[in-house]
Amino acid sequence: MASRDQFQRFIFEHSQVRGAWVQLGDSYREIVSQAPYPDTVRQLLGESLVASVLMSSTLKFEGTLSLQAQGEGPLRTLMAECSHDRKIRGLARFDEHAVMEDSFHDLLGQGRMAITITPDQGQRYQGVVPREADTLAGCLEEYFLRSEQLATSLFIFADEQRCAGLLLQRLPGASDHDDDLWDRINHLARTVEAEELLELDSETLLHRLFHEETVRVFDAEPVVFHCSCSRERTLGALEGIGQDECYSILEEQGSIEMDCQFCHAHYRFDRNDIDHLFTGHTLH
């Protein structure tokens, strides 16, 4: 059986139309095991992880792309992140006492969604995702059209164990031939069933959908769950809180303890750690 955690780019030869495919299994299950997510929240988190991987294929530099939403509905926070080398992480925060709706908009309520691109070198960029379509895929298609002027089609599915997606994109400089190709492959792509995307390997799926076209598929890349948290980064966060606040917590609790929201790693800092953080040496 093919790996359930793979990403592949492909292009339609002699055209300005490109695509990407992703299928997640182990990494998705590891991420959603971090909290008791209701079905609707888990599904939307899975769709967001797939979207982050597909959109990361557009990065031309080393860094990360994250999809973030802050809502006033039962789902308060949604975040999915993918790096240029296909390392993913994600989380959702929700009101467990609220009724979990099926609708994308009912889950988030009146909230904001954004895509944040963070290069390892260079300035961070954030773009607002419109919330006018009824699905996450539809909202992201509108984002690409408005912000990047790129015609984009997204097909995203998630169930309890797996999530998968397909991205099609028409690049600038497309010809009349590309217009015909774009209409044709979108008509074909809209026939894809959730089971096909979730079950089939990329070669089988692309052949089934586009066997009359000339498609060049690039090497598959593994996708893995990876959290970038560390003791050093957590100390950096404490430095941001400030010296007075850190010593106040120490006086009250005896130590400062922090858990990573993505992987549940636990970090504990005593007075010596805080002394060294703010004075550069340990006081005895």
Side-chain angles (χ1 to χ4, degrees), residues 1-28 43-44 46-59 65 67 80 82 86 88 104 133-145 148-223:
M1 182 183 297
S3 168
R4 294 298 188 191
D5 298 82
Q6 285 191 336
F7 165 84
Q8 268 183 301
R9 291 187 182 91
F10 58 92
I11 61 172
F12 292 85
E13 293 281 26
H14 313 299
S15 79
Q16 288 291 95
V17 180
R18 67 182 177 185
W21 164 92
V22 67
Q23 197 174 75
L24 305 177
D26 292 343
S27 57
Y28 170 55
Q43 179 178 336
L44 185 53
E47 291 178 5
S48 301
L49 290 165
V50 166
S52 73
V53 178
L54 292 173
M55 291 188 297
S56 75
S57 68
T58 65
L59 294 180
L65 181 147
L67 175 64
C82 183
R86 316 301 165 219
I88 62 170
F104 167 64
D134 292 331
T135 64
L136 174 62
C139 291
L140 294 173
E141 289 172 352
E142 192 67 24
Y143 166 81
F144 276 110
L145 190 60
E148 310 293 334
Q149 287 76 54
L150 294 176
T152 303
S153 296
L154 278 164
F155 306 89
I156 302 173
F157 299 102
D159 64 16
E160 291 184 7
Q161 298 294 320
R162 304 149 302 178
C163 50
L166 185 69
L167 174 146
L168 300 172
Q169 201 163 63
R170 185 174 59 177
L171 299 176
S175 65
D176 290 341
H177 164 71
D178 295 323
D179 290 341
D180 294 338
L181 174 66
W182 179 251
D183 292 339
R184 191 164 63 248
I185 64 174
N186 269 277
H187 175 75
L188 295 167
R190 282 192 288 271
T191 67
V192 73
E193 300 286 344
E195 187 176 352
E196 292 177 297
L197 259 178
L198 294 169
E199 290 284 355
L200 298 178
D201 61 80
S202 60
E203 184 178 349
T204 303
L205 178 74
L206 295 177
H207 177 74
R208 182 176 292 188
L209 290 175
F210 310 124
H211 61 274
E212 294 185 356
E213 311 297 338
T214 305
V215 181
R216 176 157 39 118
V217 182
F218 296 92
D219 290 341
E221 301 174 38
V223 183

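Quick caveat: nothing in here was measured; it's all calculated off a predicted structure.
Of the possible polar contacts, none joining the Gln23 side chain to the Arg162 backbone as a donor-acceptor pair under 3.5 Å is found. Between the side chain of His211 and the backbone N or O of His207, at least one donor-acceptor pair lies under 3.5 Å.
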Point to revise | Verdict with supporting geometry, Cys82 and Leu65, side-chain contact (heavy atoms from CB on, under 4.5 Å) | key: CA-CA 5 Å; Cys82 183; Leu65 181 147; 5.6 Å; no
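Rounded to the nearest 0.5 angstrom, Phe155 CZ and Thr135 OG1 are separated by 10.5 Å. One finds the CG atom of Leu54 at 10.5 Å from the CH2 atom of Trp21 (value rounded to the nearest 0.5 Å). Note: Asn186 CG to Thr191 OG1 = 11.0 Å, rounded to the nearest 0.5 Å. Here the straight-line distance linking atom NE2 of His14 with atom OG1 of Thr214 works out to 6.5 Å at 0.5 Å rounding. Here the CG-CD distance, from Leu205 to Glu199, works out to 12.0 Å after rounding to the nearest 0.5 Å. Atom-to-atom distance recorded for Phe210:CZ and Phe12:CZ is 4.5 Å, nearest 0.5 angstrom.
One finds a salt bridge joining Glu213 and Arg184 here, because a Lys/Arg side-chain nitrogen approaches an Asp/Glu carboxylate oxygen to under 4.0 Å.
Atom CD of Glu195 is surrounded by 12 or fewer heavy atoms from other residues, nucleotides or ligands within 6.0 Å.
By the 4.5 Å heavy-atom criterion applied to side chains, Trp182 and Ser153 are counted as neighbours. No side-chain heavy atom of Leu197 sits less than 4.5 Å from a side-chain heavy atom of Ile156.
Of the candidates Ser56, Ser57, Ser27, Arg86 forms a side chain to side chain donor-acceptor pair (under 3.5 Å) with just one, namely Ser56.
Taking all atoms of both residues into account, the shortest heavy-atom contact from Leu209 to Leu188 is O-CD1, 3.4 Å.
For the residue pair Thr152/Glu141, the side-chain donor-acceptor check at 3.5 Å is not satisfied.
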